**Q** 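Following this message is one structure expressed as structure tokens.
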Amino acid sequence: MSANDDHEDLKPSATPGYKPSAAKSADEYAKLDAEDESLARWKASLGIVPGATNGDTSGPKVTVLTLELDSPTLPAGKKIIFDISDTAKLADTKKNPIIIKEGVEYNVRITFKVNHSIISGVRYIQVVKRAGVKVDKLEQMLGSYGPSPDGKPYAKNFDPEESPSGMLARSGSYNVRSRVVDDDGEVYADWEWSFKLAKECRPWPHFTSKYAFRVNQTRCSNSSAVPTVARTWVDRLPPKVRPYLYLTRIDKPIGTLLLLYPCAWSITMASYALEVPFTTPLTYISLFGFGALVMRGAGCTINDMWDRKLDKAVARTRDRPLAKGEITQGQAVAFLGAQLMAGLGVLTQLNWYSIVLGASSLSIVTIYPFMKRVTYWPQAVLGLAFNWGALLGWSAVAGSVNWDVCLPLYAGGICWTLVYDSIYAHQDKLDDVHAGIRSTALLFGDHSRSILSGLSASTVSLISYAGYLNGHGSPFYLGTGLAAVQLARVLYQTDFDSRPSCWRGFVGCGWAGFWIWMGALADYTFLMYGS
């Protein structure tokens with residue numbers, strides 16, 4: 001990987017209309033607007049204080065010190081540390097690439113020191129090649145800094161991400177050219193290293209590096225990432241299609257299932273009450289399944305249109321297509337229109353009572369993204385929207401809603417949503433504080449486990465009560481019992497301060513909805529076809 005080959009790729013991206021201002025010393029910057037106390041405190045946090053550049057200014061402005069890679073899969077207290085100054089060990093990775101375990105979480109941290117002067121527009125650029133072919137380019141902004149007042153190095157932390165996995169990802173080694181450079185093109189560090197992906201890791205070498213790369217993200221983005229090996233089946237589709245599919249979260253089916261399960265509960269319970277033939281629940285569950293896929297995508301599109309600016313401030317969401325600019329707001333509106341037309345097509349297959357009932361939920365879907373700005377209970381509003389199927393499914397089968405059964409079923413679903421979406425919100429709670437986003441995760445705080453336990457008990461109790469009012473038998477209660485065990489297991493195992501653990505807990509809550517449906521379906525099957 002020669003310097004000539006990578007020359008163009010390693011150039012910092014130009015910002016349209018931006019022209020670097022004339023260079024100033026730290027003293028000059030410190031004296032600007034000196035009467036503004038809050039600005040002075042902010043400048044001090046960047047090391048911009050009077051006298052910051054006193055002393056020798058002949059050496060390099062910046063020294064990149066280490067890159068640390070940490071993972072829960074490593075032994076306790078073990079980290080991979082790259083030292084850029086140790087060129088021999090870095091060069092050794094060409095012959096003996098670092099082995100990164102596929103499909104696990106990694107957290108990356110970079111440390112660097114500003115020796116003198118004010119540096120601005122500093123960024124990390126990384127070009128990844130496999131077999132001489134470029135597979136990814138990463139460009140990550142660090143920001144502007146002055147010498148640290150206490151002489152300590154600065155640290156830049158990156159949020160954990162999951163490494164790519166699969167046979168294609170594991171084939172061959174990846175050669176990486178990394179560079180730390182500023183807007184003026186001044187290079188502060190430049191080095192090469194190599195890595196491979198494997199199902200299991202060999203003992204980790206003890207290297208040290210000088211800037212943060214992220215060995216876990218697979219799509220090229222403005223956050224630290226490595227190879228563009230296909231992370232999901234969406235990445236194997238034409239590039240023009242991918243942003244729209246990622247906008248709908250179609251690669252993460254758990255959202256569609258969480259929307260479908262209340263529909264499936266209600267359809268199956270109504271079929272049980274009316275003793276309709278199996279073709280009726282089969283038809284409606286298939287129809288609602290497609291509707292859930294479409295409307296979940298529409299809901300995600302609406303959410304991202306509302307949140308395109310907020311998403312840029314949250315590590316987990318800054319790679320979403322609207323936040324990255326892969327899709328314009330106008331394109332998103334047009335795409336949303338197509339999704340709503342498809343959803344309307346599903347709705348028109350139902351009776352008029354159900355058409356009116358279904359259309360009335362759109363207002364809740366539309367206002368949900370706004371709720372996180374005004375209340376700590378956006379998860380409750382999501383519950384109102386995501387469990388509308390508990391009402392709609394019954395009316396589709398019966399022609400109208402049996403409110404005696406459906407209201408406790410709907411309320412139980414809302415409690416269930418509060419459980420799983422509060423766990424989900426814990427993934428972003430640190431970013432949410434800075435971005436001004438509110439959630440039950442922040443509201444419940446250290447009491448989350450006990451509060452969510454109470455909500456889980458309410459979920460099971462209310463849905464069981466709905467089953468009692470509908471005259472269900474023991475198979476139904478076996479299903480709700482399994483759901484109770486699953487929710488208890490999730491709440492016992494989830495670490496609310498670990499993003500990977502919260503994601504597993506969120507997905508685990510979906511299984512509770514599955515078991516409730518299986519209980520209702522088993523009861524219906526025994527009623528219709530049992531001896």
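What you see is a predicted model; the values in this text were computed from it and never measured. Just the heavy atoms: all of them, side chains too, but no hydrogens, waters or symmetry mates, feed the values below.
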**Q** Enter the distance from T248:OG1 to L293:CG here, rounded to the nearest 0.5 Å.
**A**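 Separation between the atoms: 7.0 Å.
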**Q** From Y420 OH over to I254 CD1, what is the distance, rounded to the nearest 0.5 angstrom?
**A**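 Separation between the atoms: 8.5 Å.
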**Q** For Y244, give me all partners under side-chain contact (heavy atoms from CB on, under 4.5 Å), at least two apart in sequence or on another chain.
**A**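 Partners of Y244 under the side-chain contact (heavy atoms from CB on, under 4.5 Å) test: I327, Q331, F335.
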**Q** Mind checking what makes side-chain contact (heavy atoms from CB on, under 4.5 Å) contact with N303, not counting sequence neighbours?
**A**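 Only R249, D307, R320, Y368, P369, K372 meet the side-chain contact (heavy atoms from CB on, under 4.5 Å) criterion with N303.
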**Q** Supply the atom-to-atom distance I463 CD1 to L409 CG, rounded to the nearest 0.5 angstrom.
**A**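 It comes to 6.0 Å.
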**Q** For the OG atom of S422 and the CZ atom of F496, what is their distance to the nearest 0.5 Å?
**A**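 Here the interatomic distance stands at 8.5 Å.
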**Q** Scan for side chain to side chain donor-acceptor pair (under 3.5 Å) pairs involving residues 375-403, sequence neighbours excluded, and state none if there are none.
**A**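 Qualifying pairs, neighbours excluded: S354-S395, Q379-D421, Q379-T440, N387-T417.
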**Q** Within the 4.5 Å heavy-atom criterion, are P277 and T280 side-chain neighbours or not?
**A**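 With C-beta onward as the side chain, the pair touches.
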**Q** Please examine the side chains of L384 and Y410, heavy atoms only from C-beta on, and report whether any two atoms are closer than 4.5 Å.
**A**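 Yes; the side chains approach each other to less than 4.5 Å.
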**Q** Please check if atom CZ in R489 has more than 12 non-hydrogen atoms from other residues, nucleotides or ligands closer than 6.0 Å.
**A**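 No - once you tally the heavy atoms of other residues, nucleotides and ligands closer than 6.0 Å, there are 12 at most.
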**Q** CE of M528: more than 12 outside heavy atoms within 6.0 angstrom?
**A**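 Above 12, so yes.
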**Q** Supply the atom-to-atom distance R296 CZ to L257 CG, rounded to the nearest 0.5 angstrom.
**A**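 One finds 9.0 Å between CZ of R296 and CG of L257.
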**Q** Looking only at non-hydrogen atoms, find the nearest pair between H426 and C502 and report the distance.
**A**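 So the two residues come closest at CB-SG, 3.6 Å.
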**Q** List the atom of C509, the atom of I423, and the distance in Å for their closest heavy-atom pair.
**A**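 Distance-wise, the nearest heavy atoms are SG-CD1, 3.9 Å.
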**Q** I'd like to check I451 versus L455 (side-chain heavy atoms, cut-off strictly below 4.5 Å). Are they in contact?
**A**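 Yes - at least one pair of side-chain heavy atoms lies under 4.5 Å apart.
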**Q** Would you say that R438 contacts D432 through its side chain, given a criterion of any heavy-atom pair below 4.5 Å between the two side chains?
**A**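 Contact flag for R438/D432 side chains = no.
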**Q** Which residue pairs pass the side chain to side chain donor-acceptor pair (under 3.5 Å) test when at least one of the two sits in residues 256-276, sequence neighbours left out?
**A**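 For residues 256-276: T268-W517.
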**Q** Indicate every side-chain donor-acceptor pair of residues 479-488 with a distance under 3.5 Å to a residue at least two apart or in another chain.
**A**
unit_1	atom_1	unit_2	atom_2	d
T480	OG1	S464	OG	3.4
T480	OG1	Y477	O	3.0
Q486	NE2	G508	O	2.8

**Q** Examine distances only and state if a side-chain atom of T459 and a backbone atom of W416 form a donor-acceptor pair shorter than 3.5 Å.
**A**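 Checking the backbone N and O of W416 against the side chain of T459, a donor-acceptor pair under 3.5 Å is found.
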**Q** Tell me if a side-chain donor or acceptor on R449 pairs with a main-chain N or O of T494 at a distance below 3.5 Å.
**A**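 Side chain of R449 to backbone of T494, a donor-acceptor pair under 3.5 Å: yes, one is there.
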**Q** Begin with the C-alpha distance, continue with both residues' side-chain angles, and end with the deciding distance and a verdict on side chain to side chain contact (heavy atoms under 4.5 Å, CB included) for D428 and I437.
**A** CA-CA 9 Å; D428 301 326; I437 299 172; over 6 Å; no
**Q** Which residues pass the side chain to side chain donor-acceptor pair (under 3.5 Å) test with S498, sequence neighbours left out?
**A**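 Side chain to side chain donor-acceptor pair (under 3.5 Å) list for S498, sorted by chain: empty.
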**Q** If you take all heavy atoms of N470 and M269, which pair is closest and at what distance?
**A**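 Looking at all heavy atoms of both residues, the shortest contact is ND2-O, 3.0 Å.
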**Q** So, for Q427 and R499, which heavy atoms are closest and what is the spacing to 0.1 Å?
**A**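 Scanning both residues, the minimum pair turns out to be O-NH2, 2.7 Å.
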**Q** Atom CD1 of I355 and atom CG of L392: how far apart are they, to the nearest 0.5 Å?
**A**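 Answer rounded to 0.5 Å: 10.0 Å.
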**Q** If you look at every heavy atom in I267 and P281, which pair is closest and at what distance?
**A**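 Scanning both residues, the minimum pair turns out to be CG2-CA, 3.8 Å.
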**Q** Return the minimal non-hydrogen interatomic distance between V490 and G505, and the atom names on each side.
**A**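 Closest pair (atom of V490, atom of G505, distance): CG1-O, 3.5 Å.
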**Q** Side chain to side chain contact (heavy atoms under 4.5 Å, CB included) between D251 and L245: does it pass, once the steps are laid out?
**A** CA-CA 8 Å; D251 58 311; L245 294 180; over 6 Å; no
**Q** Are T301 and L322 side-chain neighbours, meaning at least one heavy-atom pair lies under 4.5 Å?
**A**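 Side-chain contact under 4.5 Å: no.
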**Q** Can you label the angle between the F288 ring and the Y284 ring as parallel, tilted or perpendicular, going by 30° and 60°?
**A**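 F288 and Y284: perpendicular rings.
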**Q** Is there a side-chain contact between V234 and V241 (heavy atoms, below 4.5 Å)?
**A**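 When only atoms from C-beta onward are counted, V241 and V234 do not touch, as no gap falls below 4.5 Å.
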**Q** Are any of the side-chain heavy atoms of M295 and L362 separated by less than 4.5 Å?
**A**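 In short, these two side chains touch, coming nearer than 4.5 Å.
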**Q** Measure from the side-chain N and O atoms of Q349 to the backbone N and O of V346, and report whether any donor-acceptor pair falls under 3.5 Å.
**A**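 No: the side chain of Q349 does not pair with the backbone of V346.
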